[in-house]
Amino acid sequence: MQTERYNPQITEPNWQKVWTERDLFTTDNNDPREKYYVLEMFPYPSGRIHVGHVRNYAMGDVVARFKRAKGFNVLHPMGWDAFGMPAENAAMKNKVHPKGWTYDNIAAMRSQLKSMGLSLDWQREFATCDVAYYHQQQKLFLDFLKEGIAYRKKSKVNWDPVDQTVLANEQVIDGKGWRSGADVEQRELTQWFFKISDYSDDLLNGLEGLDRWPDKVRLMQKNWIGKSEGMSVRFAFEDTDHDPLEIFTTRQDTLFGASFMALSPDHPLTQQLAADNAGLAAFVAECRKHGTSVVAVETAEKQGFDTGLRVKHPLQDRTLPVYVANFVLMDYGTGAIFGCPAHDQRDLDFANKYKLSVTPVVLPTDADAADFSIATEAYTGPGKIFNSDFLDGMTIEDAKQTIAERLESTQLNGEPQGTRQINYRLRDWGISRQRYWGCPIPIIHCDDCGPLPVPEEQLPVELPDDIDFDTPGNPLDRHVTWKQTTCPNCSKSATRETDTMDTFVDSSWYFARFTAPKSDNPTEPKAADSWLPVNQYIGGVEHAILHLLYSRFFARAMSQCGHMSIDEPFEGLFTQGMVVHEAYHDGQERTWYSPIELRFEGEGADRKAFLIENGQEVTIGKIEKMSKSKRNTVDPDDIIKTYGADTARWFVLSDSPPERDVIWTDAGVEGAHRFVQRVWRLVQEVAALEDSKSPHDHALTAAAHKALHSIEADIEGLRFNRAVAQIYELTNAVSAQLSKNNNADSGAVRNAFEMLLHAMAPMMPHLAEECWTHLGHSDLIASRPWPKVDEALLSEDTIILPIQINGKRRAEISVSKEASKQEVEEAVLAMPAVQKALDGATPKKLIVVPGRIVNVVV
RNA sequence: GCGGGCGUGAUGGAAUGGUAGACAUACCGGACUUAAAAUCCGGAGGCCGUAGGCCGUGGGGGUUCAAGUCCCCCCGCCCGCACCA
C-alpha cells in the first residue's frame with residue numbers, strides 16, 4: 001500500500017492551534033479535581049533554546065500530559081529567569097539595552113518553545129525582570145527585614161582595580177580579572193544578607209521527609225549544611241595580654257597531638273598583629289591576591305606566617321606556635337584552628353612544610369604503637385587513643401567525651417576552658433550585587449536615620465531605563481538622579497540603595513508566584529497552599545545545592561511572613577543529565593566551529609571533520625557540555641524544521657536514562673523520525689481493516705495491556721527511555737499481527753493500536769492526535785483519559801524458569817505458575833542437563849527462588 | 001583541595017543480588033527496484049567450534065549458591081563549592 005509520508009510541518013502547527021483554541025492547557029485554580037503541579041526549572045533567556053532545554057521540557061510535558069490523562073487538574077506553567085549578568089555583558093559588547101535584549105530573547109525562545117507543542121498554561125507566564133514580579137519581591141524583602149531575616153554586615157568581594165568593578169567568581173581567572181587581566185583584590189563592603197543560618201537545623205531535618213528526592217541530592221545538601229558537633233576551646237597566650245585564642249574543633253580527642261595554632265588571614269587578631277608587623281602585613285596582602293572563592297583558597301599551596309606568639313597547651317606543660325595560614329577560612333567556626341598534623345591532611349602538609357612536630361595520637365587497630373609513625377599521609381580512621389596521658393586506650397568517641405568534660409570543668413580567666421558546641425558549615429546568604437540588571441533592594445540611606453525600608457506605598461523601586469554601560473561598574477550608582485530621594489523618616493535628602501539582589505532570589509519563589517501570577521501580593525496564600533508543594537520538579541543536577549536550598553529556605557521564610565503555609569516547596573525532584581556534544585576547533589582551541597559548518601569522513605579513529613566552505617580540516621575535540629562559546633550547541637529549530645517537534649521530543653526521551661548525560665548525534669534523530677513514519681504507515685493499515693469482533697483474550701490484547709501497565713509505571717518513575725522501549729515492543733507486536741493479514745484479528749489489532757496511541761500521546765502528542773483523527777475519532781486524544789488496564793490480562797499461567805548449574809545458566813524449564821517448590825525441584829532434577837551434570841551424585845544444594853530461578857550446586 | 005555522581009557490545013542503553021546485552025542506532029546479508037532511497041525479512045559481545053564450551057559489565061581484591069548490582073582499594077570522566085544561571 002502506498003501512503004503519503006507524514007508531514008509534521010503541516011500537522012504540528014495545526015494541532016497546536018486546535019489545543020490553543022480549545023484552551024486545553026489553561027488551568028483553573030477552582031477546578032475541584034485533585035491537583036498536580038509539574039514544573040521544570042525555568043530557563044535563562046540566552047536567546048535560543050538548545051537541545052538541553054528540549055530534553056528538560058519534553059520530560060515535564062510527558063508528566064503533565066500523562067497526569068492530565070489520569071484525571072488530575074494539572075498546573076504546568078512557564079516563565080523566564082530574566083535578570084543576570086549576560087544581559088549586562090551584551091549591553092557592554094553590543095551597545096544594546098539589557099531590557100530590550102532580554103525581552104527580545106524571551107520572544108524568540110517563547111516561539112521556539114511553542115513550536116515544541118508543550119502543554120503549558122501560557123496565561124501564567126512572567127519574567128523575573130517584569131516590574132510586576134520584582135515589585136512583589138521587594139515586598140518580600142521588606143517582610144524579611146521586619147522579621148529579622150534580612151540584615152547588613154561586612155563581607156568580601158572580588159575587586160578589579162583596573163576596571164573599578166566587582167567581579168563574579170567566574171570572572172576571576174587564575175586570580176586575575178577576565179577583562180583587565182589585573183590582579184584581583186579582596187575588598188570589604190557592607191552588604192545585605194538573609195539569615196539562612198537560622199534555619200540550618202530545620203533545613204537539615206526537612207531533608208528526611210523528602211523521600212521523592214534523589215538520595216544524592218539530599219546527601220549533598222546535608223553535607224553542605226554541614227552540622228558538626230565539637231568544642232570551642234580557649235587557649236591562653238604566653239607572655240602577652242591578648243585575650244585567649246578561641247578555636248573550634250571536632251577532633252578534641254586529638255588535642256595531645258596538637259603542634260601549632262593557625263589563624264585565618266582575616267581573623268581580627270591577625271589584623272591587629274599586622275598593624276605593627278610589616279612581614280605579616282605583606283603575607284596577609286599576598287593571601288588577598290586571589291579570588292574570594294573557596295576553591296581558590298583550598299587549592300592554593302599551603303602557606304603560613306609565624307607570628308612569634310605562643311599559646312599554652314590546656315592539658316600539658318608546653319606551648320604551641322601561632323601561625324597565620326592561608327587555608328584557614330574566617331567563615332567557618334571561629335576562624336582559628338589547632339593543627340594536629342598526624343590526623344588531618346592539610347595540617348600535615350603544613351607541618352611538613354614548616355618542620356613542625358608530628359605526634360600520632362590515634363593508633364589504628366592493626367598497628368603497633370612502637371613503630372607507628374606518620375610521614376606524608378595523615379591517619380583519619382578509627383583506632384585507640386595513645387600518646388595522650390589520661391585518654392590512652394580510649395576509643396575516639398570516649399576520648400571526645402572525656403576531654404569535653406575535662407575542659408568544661410577547667411577554668412581559664414574565670415570561664416570554662418572549653419565548651420561543647422554544634423557548628424554549621426552553612427553561611428548566611430549574601431544577596432547584594434553591585435549591578436544594574438537585577439531587582440533593586442528597596443532601602444533608603446539617610447545620613448541621620450541610617451538605612452530605612454522604602455515605604456510600601458512607594459514601591460516598586462523601578463530600574464531606570466536611561467543608563468549607560470560606557471564605563472564599568474554599577475550604572476545605578478553613577479546615575480545622576482535615580483539615587484536621589486528623601487528620607488521617609490525625617491524628609492531630608494537621602495540616597496537609594498544602589499545594590500540589586502542576587503538572581504538566586506528571583507528563582508527562589510517563582511514556583512509560588514505561578515499559583516497566582518497576577519496577584520497584587522507576592523502570593524495568594526489560599527492558592528499557594530492549594531497548589532504547593534510542586535509535585536514534580538525537574539531540572540539539571542547542577543542546581544542540586546544552591547537553588548534548591550535557597551528555595552527551601554524561602555518557603556520557610558515566606559510561610560513565616562504569612563504568604564503561604566508550607567515549608568517544603570518541592571515534593572518530588574528529578575535531576576536530569578546534560579546534553580553534551582563534540583566541540584570542533586582549529587587545533588589551538590582559539591576558533592571554534594559549529595557542527596553545522598562541517599562535513600565528516602571515516603569512522604572511529606580515522607574520523608575526520610572538514611569545513612564545508614573550503615574543505616579545510618578541523619580538529620575534533622572533546623565531548624563536552626554545550627556552550628555558546630565553544631559553538632557545540634545544537635539548535636533544535638533545525639531538527640524541528642526538518643523532522644518535526646515529535647521527532648525531537650521522541651529522540652531526547654528515548655535511549656538514555658534521563659538522569660544521565662547524553663551525547664547528541666544526528667543519526668539518532670533520523671532513527672527516531674523513522675519511527676514516526678512507521679507509526680503513520682501503521683495507522684493507514686489499521687484504519688483500512690474491516691471491523692471484526694475478535695476475541696478479547698487475544699494474545700495481542702494481553703500484550704497491549706501489559707505494555708500499557710508497564711509504560712504507566714515507567715512514566716510515573718520518569719524512566720522515559722524504558723517507556724519508549726515498551727512502545728517499540730508493542731509497535732513490533734502490532735506490526736507482526738498486521739502482517740499475518742488475518743482480518744479475524746482486526747478488532748484486537750485496532751484495540752491494541754489505540755492503546756499504543758494513548759501510550760505515546762504524552763511523548764509525541766501531534767502524531768498521536770493525527771492518528772487518532774485518522775482512525776475516525778472526533779474527540780482529541782489530548783483530552784481523553786488514560787485507558788484502563790485489565791489486571792486479569794497481566795499474569796501468565798506458565799512461567800519459564802532458568803536453571804543454573806553452579807551459578808551458570810544451563811537450561812530452562814516451563815512450569816505452572818502455581819507449581820510448588822517441591823514440584824519444581826522434582827522437575828528440575830529429572831532434566832537431562834541436570835542429570836548429566838550430577839552424574840549420579842546428589843546435589844550439594846538446590847536453591848529454588850519461586851518465579852525467578854533455580855540453581856543446582858553440584 | 002573538599003563534597004556528590006558516573007563507567008556494560010561499534011553506539012545509546014536494559015537488567016527488585018537471580019538467564020548480562022531487552023529495545024534502539026550504526027553495520028552486514030537477503031527481498032523489492034533499471035538503480036538508489038524508502039520499506040520488508042534475517043544476522044550479529046569476543047574467542048574456539050561438530051556438538052558444545054571458554055571469556056566477558058573501567059582495573060584489582062572480597063562477600064554470596066548466585067555480583068553489572070553489595071563491600072574495600074585503584075584508574076578515568078562529569079557536576080557542585082556560596083557573585084554563572
Side-chain angles (χ1 to χ4, degrees), chain A residues 5 41 43-44 46 81 83-86 157-158 166-172 196 214-217 219-224 226 291-300 302 327 331 345-346 349 425-435 502-504 506-507 540-547 549-550 575 577-578 580 603-604 622-625 654-657 659-663 665 667-672 674-675 677-678 681 719 721-722 724-729 732 735 739 800-804 806-812 843-847 849 852-857:
Chain A
R5 282 173 68 79
M41 290 180 185
Y44 178 80
S46 57
D81 189 12
F83 275 136
M85 290 203 309
V157 294
N158 302 307
V166 175
L167 299 176
N169 282 337
E170 73 156 9
Q171 297 173 321
V172 178
I196 191 171
D215 286 341
K216 62 174 175 185
V217 175
L219 186 56
M220 281 191 263
Q221 293 220 347
K222 179 175 179 252
N223 292 340
W224 186 261
T292 56
S293 73
V294 175
V295 184
V297 174
E298 293 195 345
T299 53
K302 279 160 199 61
F327 62 92
D331 290 315
Q345 193 60 45
R346 285 171 306 180
D349 294 343
R425 210 184 70 98
L426 181 64
R427 311 199 298 253
D428 279 341
W429 175 12
I431 61 149
S432 291
R433 296 294 180 270
Q434 295 70 38
R435 298 184 213 295
D502 178 6
T503 55
F504 269 124
D506 313 340
S507 55
V541 70
E542 65 270 24
H543 295 294
I545 297 177
L546 292 178
H547 162 63
L549 193 66
Y550 290 151
T575 53
M578 292 176 306
V580 294
E603 292 285 325
K622 282 206 300 186
I623 292 169
E624 52 193 320
K625 181 176 172 173
S654 54
D655 289 350
S656 280
E659 68 277 9
R660 209 182 289 182
D661 292 349
V662 294
I663 301 169
T665 69
V669 185
E670 282 166 27
R674 267 199 287 281
F675 181 69
Q677 296 295 348
R678 186 174 167 210
R681 282 193 305 276
R719 296 180 293 265
N721 57 322
R722 299 210 311 199
V724 166
Q726 295 280 342
I727 289 172
Y728 275 121
E729 287 191 50
N732 290 345
S735 279
S739 67
I800 293 172
L801 279 185
I803 310 300
Q804 291 182 331
N806 288 338
K808 294 194 182 199
R809 183 188 171 281
R810 284 292 180 266
E812 59 184 35
K844 281 189 197 148
K845 219 168 184 180
L846 185 58
I847 292 139
V849 185
R852 278 265 156 214
I853 203 162
V854 178
N855 191 7
V856 186
V857 184

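If you're wondering where the values come from, they're calculated on a predicted model, not measured in any experiment. Throughout, a chain's letter reflects where its sequence line sits, starting with A, and its residues are numbered from 1.
- Comparing the C1' positions of B:rA22 and B:rG12 gives an interatomic distance of 13 Å, to the nearest angstrom.
- Counting non-hydrogen atoms of other residues, nucleotides and ligands closer than 6.0 Å to CZ of A:R346 gives a total of 12 or fewer.
- In this structure, A:Q804 CD and A:E812 CD are separated by 12.5 Å, a value rounded to the nearest 0.5 Å.
- Separation of the C1' atoms belonging to B:rC72 and B:rC83 is 41 Å when rounded to the nearest angstrom.
- Rounded to an integer number of Å, the gap from A:E729 CD to B:rA14 P is 14 Å.
- Between A:R427 and B:rA82 there is no side-chain N or O to OP1 or OP2 distance below 4.0 Å.
- Across the P atoms, B:rU57 and B:rU8 are found 11 Å apart, a figure rounded to whole Å.
- Here the shortest heavy-atom pairing between A:V854 and A:L801 reads CG2-CD1, 3.9 Å.
- For B:rA22, neither phosphate oxygen OP1 nor OP2 lies less than 4.0 angstrom from any side-chain nitrogen or oxygen of A:N732.
- Phosphate proximity of B:rC81 to A:N169: absent, as no side-chain N or O sits under 4.0 Å from OP1 or OP2.
- The line from NE2 of A:H543 to OG1 of A:T575 is 11.0 Å long, rounded to the nearest 0.5 Å.
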Determine, for nucleotides 63-76 of chain B in 5'-to-3' order, which nucleotides have protein heavy atoms under 4.0 Å from the base (write B), from only the sugar-phosphate (write S), or from neither (write -). --BS----------
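- Across all strands shown, B:rG42 pairs with B:rC28; the Watson-Crick or G-U wobble distances both stay below 3.5 Å.
- When the side-chain nitrogen and oxygen atoms of A:T503 are compared with OP1 and OP2 of B:rA85, one or more of them lie within a distance under 4.0 Å.
- Within 4.0 Å of A:V856, counting heavy atoms only, lies no atom of the nucleic acid at all.
- A:K808 comes within 4.0 angstrom of the backbone, heavy atoms only, and of no base.
- Straight-line distance from the OH atom of A:Y44 to the P atom of B:rC84: 13 Å, rounded to whole Å.
- Of the candidate nucleotides B:rG80, B:rA14, B:rU19, B:rG80 has the atom lying nearest to any side-chain atom of A:E542.
- We find that CG of A:L546 is positioned 9 Å from P of B:rC84, with the value rounded to whole Å.
- Rounded to whole Å, the distance from CD1 on A:I853 to P on B:rU16 is 14 Å.
- Under the 90° criterion around 0 for the glycosidic angle, B:rG9 counts as syn.
- Residue A:K302 is the one, among A:K302 and A:I431, whose nearest nucleotide of RNA chain B lies closer to the 5' end (criterion: closest heavy atom).
- With a cut-off of 3.5 Å on both pairing distances, B:rU57 has no Watson-Crick or G-U wobble partner at all.
- Rounded to the nearest Å, the gap between the P atom of B:rC79 and that of B:rC74 is 23 Å.
- B:rC23 is paired with B:rG12 under the criterion used here, namely a Watson-Crick or G-U wobble arrangement in which both key atom distances are under 3.5 Å.
- Across all strands shown, nothing is found opposite B:rU34 as a Watson-Crick or G-U wobble partner with both distances under 3.5 Å.
- Of the listed residues (A:P657, A:S654, A:S656), just one forms a side chain to side chain contact (heavy atoms under 4.5 Å, CB included) with A:N721, and that residue is A:P657.
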Under the side chain to side chain contact (heavy atoms under 4.5 Å, CB included) rule, what do A:L549 and A:H547 come out as? Steps first, then yes or no, please. CA-CA 6 Å; A:L549 193 66; A:H547 162 63; over 6 Å; no
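- In this structure, A:I803 reaches neither bases nor backbone, as no heavy-atom distance under 4.0 Å exists between it and the strands shown.
- A close approach under 4.0 Å does occur between a side-chain nitrogen or oxygen of A:S656 and OP1 or OP2 of B:rG13.
- Listed nucleotides B:rA22, B:rC83, B:rG18 differ in distance to A:Q434; the shortest reach to its side chain belongs to B:rC83.
- Atom CZ in A:R810 sits 11.0 Å away from atom CG in A:N855 (nearest 0.5 Å).
- Between the CZ atom in A:R425 and the NZ atom in A:K222 there is a gap of 13.0 Å [rounded to 0.5 Å].
- The partner of B:rA66 is absent, by the rule that a Watson-Crick or G-U pair needs both atom distances under 3.5 Å.
- Within the 3.5 Å criterion, the main-chain N or O of A:L167 finds a donor-acceptor partner in the side chain of A:N158.
- We find that OH of A:Y550 is positioned 9 Å from P of B:rA82, with the value rounded to whole Å.
- Using P as the reference atom, B:rG59 and B:rG4 are 24 Å apart when rounded to the nearest Å.
- With hydrogens and angles ignored, a donor-acceptor pair closer than 3.5 Å exists between the side chain of A:R852 and the base of B:rU16.
- One can place CG of A:D428 at 12 Å from P of B:rC83, the figure rounded to the nearest angstrom.
- Rounded to whole Å, the separation between the P atoms of B:rU64 and B:rC41 comes to 49 Å.
- Taking atom C1' on both B:rC2 and B:rC54, the two are 46 Å apart, rounded to the nearest angstrom.
- Looking at the side chain of A:R674, the nearest of the listed nucleotides B:rG1, B:rC40, B:rU25 is B:rU25.
- Taking every side-chain heavy atom of A:N721 into account, B:rA14 is the closest of B:rA22, B:rA14, B:rG53.
- In terms of modelled atom types and a separation under 3.5 Å, the side chain of A:Q221 and the main chain of A:A544 share a donor-acceptor contact.
- Across all strands shown, B:rG80 forms a Watson-Crick or G-U wobble pair with B:rC2, both key distances being under 3.5 Å.
- Between B:rA82 and A:R433, no contact under 4.0 Å exists linking OP1 or OP2 to a side-chain N or O.
- In this view, A:D331 and A:R427 satisfy the salt bridge (Lys or Arg N to Asp or Glu O under 4.0 Å) rule, not counting sequence neighbours.
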Return a single string for nucleotides 2-9 of chain B, one symbol per nucleotide in 5' to 3' order, where B is base contact, S is sugar-phosphate-only contact and - is none, cutoff 4.0 angstrom on heavy atoms. -SSS-S--
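- Judged by distance alone, with hydrogens and angles left aside, the side-chain atoms of A:D428 form a donor-acceptor pair with the main-chain N or O of A:I196 at under 3.5 Å.
- Using the Watson-Crick or G-U wobble rule with both distances under 3.5 Å, B:rA85 pairs with nothing in any strand shown.
- Put simply, the side chain of A:R433 never gets that close to the backbone of A:D502: no donor and acceptor are under 3.5 Å apart.
- Straight-line distance from the CZ atom of A:R719 to the P atom of B:rG13: 17 Å, rounded to whole Å.
- Residue contacts for A:H543: at a heavy-atom cut-off of 4.0 Å it reaches a base atom on one of the strands shown.
- Distance noted for atom C1' between B:rG21 and B:rA44: 12 Å (whole Å).
- The separation between A:E670 atom CD and B:rG12 atom C1' is 15 Å, rounded to whole Å.
- The partner of B:rG7 is B:rC75, judged by Watson-Crick or G-U wobble contacts that both fall below 3.5 Å.
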